[in-house]
Amino acid sequence: MAKKQIDIVAEVMDLDSNIVPYLKRIERSLIVSIPIMMDDGKLKIFEGYRVHHSTIRGPGKGGIRYSLNVTLDEVKALAIWMTWKSSLLNLPFGGAKGGIFVDPLKLSKKELERLTRRYTAEIINFIGPDIDIPAPDVNTNAQIMAWIMDVYSMQKGRTIPGVVTGKPIEIGGSVGRDSATGMGMFYVLEALCNKLNYDLKSMSIIIQGFGNVGGWIANILYNYGSKIFAVSDIFGGIYSEKGLNIKELLEWRDQGKFLRDFNKNNYKHISNEELLTTKCDVLVPAALENQITNINADKINCKIILEGANGPTTPEADKILHNKGIFVIPDILANAGGVCVSYFEYIQDIHSYFWSLDRVNKELKKIIVDAFENVYKISKEKNLILRTAAYIIALSRVAKAVELRGIFP
Ligand code: NAD
């Protein structure tokens with residue numbers, strides 16, 4: 001899918017035929033074996049990855065995920081998307097990603113810590129503030145970033161906060177990093193609604209995924225006054241035609257509970273498949289890739305899709321959605337608030353000078369809305385979907401960097 005998207009855009013842009021294989025190429029992939037002594041005294045061996053798609057515009061940047069969906073190919077695709085995201089926002093970063101094939105729900109906190117520490121030790125020469133800077137992704141969080149920073153710092157003999165972003169504020173994290181992806185999504189959605197003359201407050205919202213990304217965008221839109229009709233997690237969704245009380249559901253989630261066990265009058269349990277095709281104004285896939293495909297795209301019933309997840313929509317589905325008149329705000333724009341505030345965190349760590357939440361959100365809004373305006377302008381001028389327009393900007397910048405630097409040697 002990631003490679004197909006490059007082909008689609010290369011054709012529209014009339015890119016040099018030498019540059020297309022260069023953009024598809026993965027700079028380096030590392031596969032590591034992670035032996036862990038489990039709490040019951042048994043040895044288990046996990047497999048982990050870290051991939052650099054491109055460091056041509058700066059150090060690699062991208063999250064680490066712990067999931068049973070993790071494969072080397074998935075991590076490569078996610079690394080490619082990170083390159084475009086950093087480039088679209090004009091951040092001085094490339095694209096990278098990492099992951100471990102593991103079900104973290106089955107690990108104790110101590111096992112999770114040992115897994116993280118050993119994984120970090122295995123990838124230690126692949127990461128660093130001027131090499132590649134990991135961040136949280138699916139099933140990883142600020143605590144996991146703190147363990148990574150600790151292992152890295154212990155091995156290097158000094159405290160190096162800039163090796164990861166998304167760490168706790170007490171050890172060099174940035175205020176506003178936890179909400180950043182959600183805030184960025186909100187700013188972009190608001191900007192598109194302004195263009196289309198939609199009143200965001202009166203729009204009905206449905207969200208797949210209730211983690212860092214899904215939870216924050218739900219919270220932000222709920223506090224703003226929009227009605228959230230359905231949300232879901234890995235085990236299914238919950239729906240109310242009167243709108244959900246997101247505050248209550250977040251409290252439930254924060255106790256480590258799942259939505260399938262939440263019961264309330266007028267609330268109905270639905271599957272993740274049903275949720276995606278339920279009528280609404282704004283559908284927010286915020287869980288995993290490959291959720292809107294040629295199988296269900298025709299049944300999607302909304303005005304706007306706001307891609308919180310990376311790669312939730314396949315290129316085949318993109319065509320179907322476009323023909324139905326649905327606007328898709330592409331992942332590399334919609335969810336770029338996370339990498340943007342990661343960049344702010346990185347700068348704050350280098351300068352050892354920390355910003356206020358107000359400054360973080362103002363600068364985030366400026367960068368993300370500027371990127372949206374550029375994308376929207378190209379999409380109008382060239383009559384393209386927003387994704388293709390975003391890719392044109394992102395790929396052009398990377399292609400220009402390759403041209404200026406030349407091919408080594
Ligand atoms: P998370 O682990 O915090 O939350 C993931 C959510 O999706 C959970 O509610 C989980 O139960 C649910 N989920 C998992 N598998 C599912 C399935 N098969 N069907 C339906 N729901 C499922 O992860 P996150 O950080 O919120 O990341 C979600 C997506 O957003 C990923 O695609 C990630 O790459 C992307 N993303 C994350 C960030 C970030 O800052 N964390 C930034 C940009 C993009």
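For ligands, and for the atoms within them, numbers begin at 1 and follow the listed sequence. The shown structure was predicted, so the numbers you read here are calculated from the model rather than taken from an experiment. These values consider heavy atoms only, across backbone and side chains, with no hydrogens, waters or symmetry-generated copies.
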Trainee: Under a heavy-atom criterion of less than 4.0 Å, does Met82 contact ligand 1?
Mentor: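 Flag not set, Met82 not near ligand 1.
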
Trainee: Return the residue, atom name and 0.1 Å-rounded distance of the protein heavy atom closest to atom 42 (C) of ligand 1.
Mentor: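 Result for atom 42 (C) of ligand 1: Thr181 OG1, 3.4 Å.
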
Trainee: Please list, in number order, the atoms of ligand 1 under 4.0 Å from a heavy atom of Arg65.
Mentor: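 Answer for ligand 1: 31 (C), 32 (O), 33 (C), 34 (O).
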
Trainee: Within a reach of under 6.0 Å around NZ of Lys24, are more than 12 heavy atoms found that belong to other residues, nucleotides or ligands?
Mentor: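 Check passes, neighbour count above 12.
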
Trainee: With a 6.0 Å cut-off (strictly less than), is the heavy-atom count around CG of Asp199, excluding the residue itself, greater than 12?
Mentor: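 Yes, CG of Asp199 has more than 12 neighbouring heavy atoms, counting only those of other groups under 6.0 Å.
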
Trainee: Check whether any side-chain heavy atom of Asn266 sits under 4.5 Å from a side-chain heavy atom of Glu241, and report yes or no.
Mentor: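 No; the side chains remain at least 4.5 Å from each other.
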
Trainee: Tell me which one of Gly63, Ala287, Ala135, Gly214 gets a heavy atom nearest to atom 7 (O) of ligand 1.
Mentor: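 Ranked by closest heavy atom to atom 7 (O) of ligand 1, first place is Ala287.
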
Trainee: What residue and atom, counting heavy atoms only, is the protein's closest point to atom 9 (O) of ligand 1, and at what distance?
Mentor: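 The closest heavy atom on the protein side is Phe210 N, 2.9 Å.
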
Trainee: Is Glu373 salt-bridged to Lys377, going by a charged N under 4.0 Å from an acidic O?
Mentor: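 Looking at Glu373 and Lys377, the cut-off is not met.
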
Trainee: Atom 11 (O) of ligand 1: which protein heavy atom is closest, and how many Å away?
Mentor: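 Heavy-atom neighbour on the protein nearest atom 11 (O) of ligand 1: Ile234 N, 2.8 Å.
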
Trainee: Between Arg177 and ligand 1, which residue portion shows a heavy-atom distance shorter than 4.0 Å: side chain, backbone, both, or neither?
Mentor: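 Side chain only; the backbone of Arg177 stays clear of ligand 1.
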
Trainee: Just to be sure I read this right, does ligand 1 sit under 4.0 Å from the backbone of Ala286, its side chain, both, or neither, counting only heavy atoms?
Mentor: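 It is the backbone that gets close, since no side chain atom is under 4.0 Å.
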
Trainee: Give the residue, atom name and distance (to 0.1 Å) of the protein heavy atom nearest atom 4 (O) of ligand 1.
Mentor: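 Checked against all protein heavy atoms, atom 4 (O) of ligand 1 sits closest to Gly211 CA, 3.2 Å.
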
Trainee: What residue and heavy atom of the protein are closest to atom 32 (O) of ligand 1, and at what distance?
Mentor: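 The answer is Asn310 N, 3.1 Å.
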
Trainee: Note the single closest protein heavy atom to atom 2 (O) of ligand 1, along with its residue, its atom name and the distance in Å.
Mentor: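 Result for atom 2 (O) of ligand 1: Asn139 N, 2.8 Å.
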
Trainee: Check each of Val138, Leu105, Asn141 against atom 27 (O) of ligand 1 and report the one with the nearest heavy atom.
Mentor: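 Heavy atom nearest to atom 27 (O) of ligand 1 belongs to Val138.
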
Trainee: Using every non-hydrogen atom in the two residues, find where Asn245 and Tyr267 come nearest and quote the distance to one decimal.
Mentor: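 Taking Asn245 first and Tyr267 second, the nearest heavy atoms are N-OH, 2.8 Å.
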
Trainee: Please name the residue in the list Phe93, Trp81, Trp84 that meets the ring-ring contact (aromatic ring centres under 6.0 Å, His included) test with His53.
Mentor: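 Of all the options given, the one that passes is Trp84.
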
Trainee: Do Arg114 and Asp39 meet the salt-bridge criterion of a basic N to acidic O distance under 4.0 Å?
Mentor: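 Looking at Asp39 and Arg114, the cut-off is met.
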
Trainee: Between Leu78, Asp178, Asp137, Leu288, which one has a non-hydrogen atom sitting closest to atom 17 (C) of ligand 1?
Mentor: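 Answer by nearest heavy atom: Leu288.
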
Trainee: Does Phe235 have Arg260 sitting over its ring (NZ/CZ under 6.0 Å from centre, angle to axis within 45°)?
Mentor: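 Judged by the rule, Arg260 and Phe235 form a cation-pi pair.
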
Trainee: To which of Val341, Asn69, Asp233 does the heavy atom nearest atom 21 (N) of ligand 1 belong?
Mentor: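 Result: the heavy atom closest to atom 21 (N) of ligand 1 is in Asp233.
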
Trainee: Would you say Glu289 touches ligand 1, if touching means a heavy atom closer than 4.0 Å?
Mentor: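 No; Glu289 lies far enough from ligand 1 that no heavy-atom distance drops under 4.0 Å.
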
Trainee: State whether Glu363 and Lys366 are salt-bridged, where the test is any N-O pair (Lys NZ or Arg NE/NH1/NH2 against Asp/Glu carboxylate O) under 4.0 Å.
Mentor: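 Result for this pair is no, no salt bridge flagged.
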
Trainee: Below 3.5 angstrom, do we get any N/O pair linking Asn212 and ligand 1?
Mentor: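 Yes: some nitrogen or oxygen of Asn212 is under 3.5 Å from one in ligand 1.
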
Trainee: Got the closest protein heavy atom to atom 20 (C) of ligand 1, with its distance?
Mentor: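 Result: Asn272 ND2, 3.2 Å.
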
Trainee: Counting non-hydrogen protein atoms only, what is the nearest one to atom 38 (C) of ligand 1? Give residue, atom name and distance.
Mentor: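 For this ligand atom, the closest protein heavy atom is Val213 CG2, 3.6 Å.
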
Trainee: Taking atom NZ of Lys4 as the centre, does the number of heavy atoms from other residues, nucleotides or ligands within less than 6.0 Å exceed 12?
Mentor: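 Check fails, neighbour count at 12 or below.
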
Trainee: Apply the side chain to side chain donor-acceptor pair (under 3.5 Å) test between Lys61 and each candidate in Thr55, Thr83, Thr165, Asp132; give the one that qualifies.
Mentor: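 Considering Thr55, Thr83, Thr165, Asp132, a side chain to side chain donor-acceptor pair (under 3.5 Å) with Lys61 is found only for Thr165.
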
